[in-house]
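Beneath this line is the structure, given in structure tokens, with notes to follow.
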Amino acid sequence: MKKIFAIFFVFILGLSACNLPVSPAESPTPTVHLIATQVSILMTQQPTPTLPPTDTAPPAQAPTQMPSPTLPAPSLTPVPGDPALALGAPFWQDNLDTAKNFYLYENDNTKIEEEEGSIALVGRNANGWHGWTLTYAAPAVNLYVEEVFRTRDCAGNDLYGVVFRASKENSAYFFGVTCDGRYNLYARDFNNDVNVELVSLTADPAILSGSNQTNRLGVMAKGNTLRLYANGVLLKEIDDATYGAPYFGAFVAANQTANFRVGLDQISMWKLE
């Protein structure tokens, strides 16, 4: 893994962690440029949690270097219809040699920090609260974005994935996969108390389940058509026009494992006409 050094530019890169409950009532959102609203997600087989107070992330701190174990590499076995193989060279790619394109922060529920050759997203408490980070380096509305994640110890509903068509005003789509091999999709607008389940938790063998696994998660968004991928395999296609902002990133939510940690190793984006 390549060495990463965190550099945060507040006016260029911006990032935040947000937490919002699945239930209709949600807490108010903090300032746009330091987004750190806690999100409480109601997962299948879990009771509705009590809405906690809103957190504001502190200024980014110098990250602590963490040893990175040897984990499986993402599968590049040709898969019919795999966008990463069909689209050619990406328009933009970040191998995370540095963390300059992402906001690193820490609060009571979430920690996002540099790691050896990746960005680590940590859900500190097993309460379903989301922490997320965006990049403003290569905005695009119609795109295919693919992110390579590595799980550590995890179980069941521990969740991580891709944030896309995100705005600086706290609205976005969240495509997540669980440790036990399921996926879902939500549309969220934290400022206006919107939390819409577009795809409920669905199992699929294309998702590598369990601890210490590597998954390539992709989203193709073109017009109103949204396609969700895992390791090059199409999981679901839906039509939705709720959001159209150009930013994207990643999120983590520990539902069963305290200090659930997932590494973001690479992020690539192709612009679509």
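Small disclaimer: the values here were computed from a predicted structure and weren't measured. If you read the sequence from its start, that first residue is 1, and numbering goes on from there.
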Under 3.5 Å, is there a donor on one side chain and an acceptor on the other for [X] and [Y]?
X	Y	result
D180	S209	no
Y173	D240	yes
N109	N125	yes
D94	N101	yes
N215	R150	no

Report the distance from atom [atom1] of [X] to atom [atom2] of [Y], rounding to the nearest 0.5 Å.
X	Y	atom1	atom2	answer
Y183	I207	OH	CD1	7.5 Å
F164	L143	CZ	CG	8.5 Å
L96	I119	CG	CD1	5.0 Å

Quiz prompt | F174 ring center within less than 6.0 Å of F251 ring center | solution =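 Centroid separation for F251 and F174: below 6.0 Å.
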Go through D158 and Q256 one step at a time and tell me if the side-chain hydrogen bond (donor to acceptor under 3.5 Å, both in side chains) criterion holds. CA-CA 6 Å; D158 290 330; Q256 293 184 222; over 6 Å; no
Does [X] share a hydrophobic cluster with [Y], counting links as ILVMFWY side-chain heavy atoms below 4.5 Å and allowing steps through other members?
X	Y	answer
F248	I238	yes
L235	L217	yes
V122	L104	no
M220	V199	no
L198	V177	yes

Heavy-atom side-chain contact between [X] and [Y] under 4.5 Å:
X	Y	answer
V148	R216	yes
L208	T214	no
F260	L159	no
T135	Y103	no
H130	V252	no
T202	N184	no
Y144	L87	yes
R124	E106	yes

Can T225 and D239 be said to form a side-chain hydrogen bond (donor to acceptor under 3.5 Å, both in side chains), step by step? CA-CA 5 Å; T225 302; D239 287 333; 3.3 Å; yes
Derivation of the side chain to side chain contact (heavy atoms under 4.5 Å, CB included) call for N127 and N255:
CA-CA 5 Å; N127 57 9; N255 287 288; over 6 Å; no
Worksheet entry | Salt-bridge criterion met for E115 and R152 (N-O under 4.0 Å) |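 Yes.
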Is the shortest side-chain N to carboxylate O distance from D204 to K236 below 4.0 Å?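 Salt bridge between D204 and K236, a charged N being under 4.0 Å from a carboxylate O: no.
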Which atom of [X] lies closest to which atom of [Y], heavy atoms considered:
X	Y	value
A84	E146	CB-OE1, 3.5 Å
G210	T151	O-OG1, 3.3 Å
T242	A187	CG2-CB, 4.4 Å
G223	R165	O-NH1, 2.8 Å
M269	A138	CE-O, 3.3 Å

State whether the side chain of [X] and the backbone N or O of [Y] hold a donor-acceptor pair below 3.5 Å, judged by distance alone.
X	Y	answer
S211	C154	yes
K222	E273	yes
Y243	D189	yes
W270	G88	yes
N191	E169	yes

Notebook entry, point to check: What do you reckon, is CZ of F91 surrounded by more than 12 foreign heavy atoms closer than 6.0 Å?
Noted result: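 Atom CZ in F91 is not crowded, with 12 or fewer foreign heavy atoms closer than 6.0 Å.
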Kindly indicate, with the supporting measurements, whether the criterion side chain to side chain contact (heavy atoms under 4.5 Å, CB included) is fulfilled by D82 and Y229. CA-CA 8 Å; D82 185 345; Y229 293 83; 6.0 Å; no
Exercise. Step by step, work out the side chain to side chain contact (heavy atoms under 4.5 Å, CB included) result for I112 and F102.
Key: CA-CA 9 Å; I112 299 179; F102 291 88; over 6 Å; no
Notebook entry, point to check: When you look at E147 and L264, which way does the side chain to side chain contact (heavy atoms under 4.5 Å, CB included) test go after all the steps?
Noted result: CA-CA 7 Å; E147 304 180 11; L264 175 62; 3.7 Å; yes
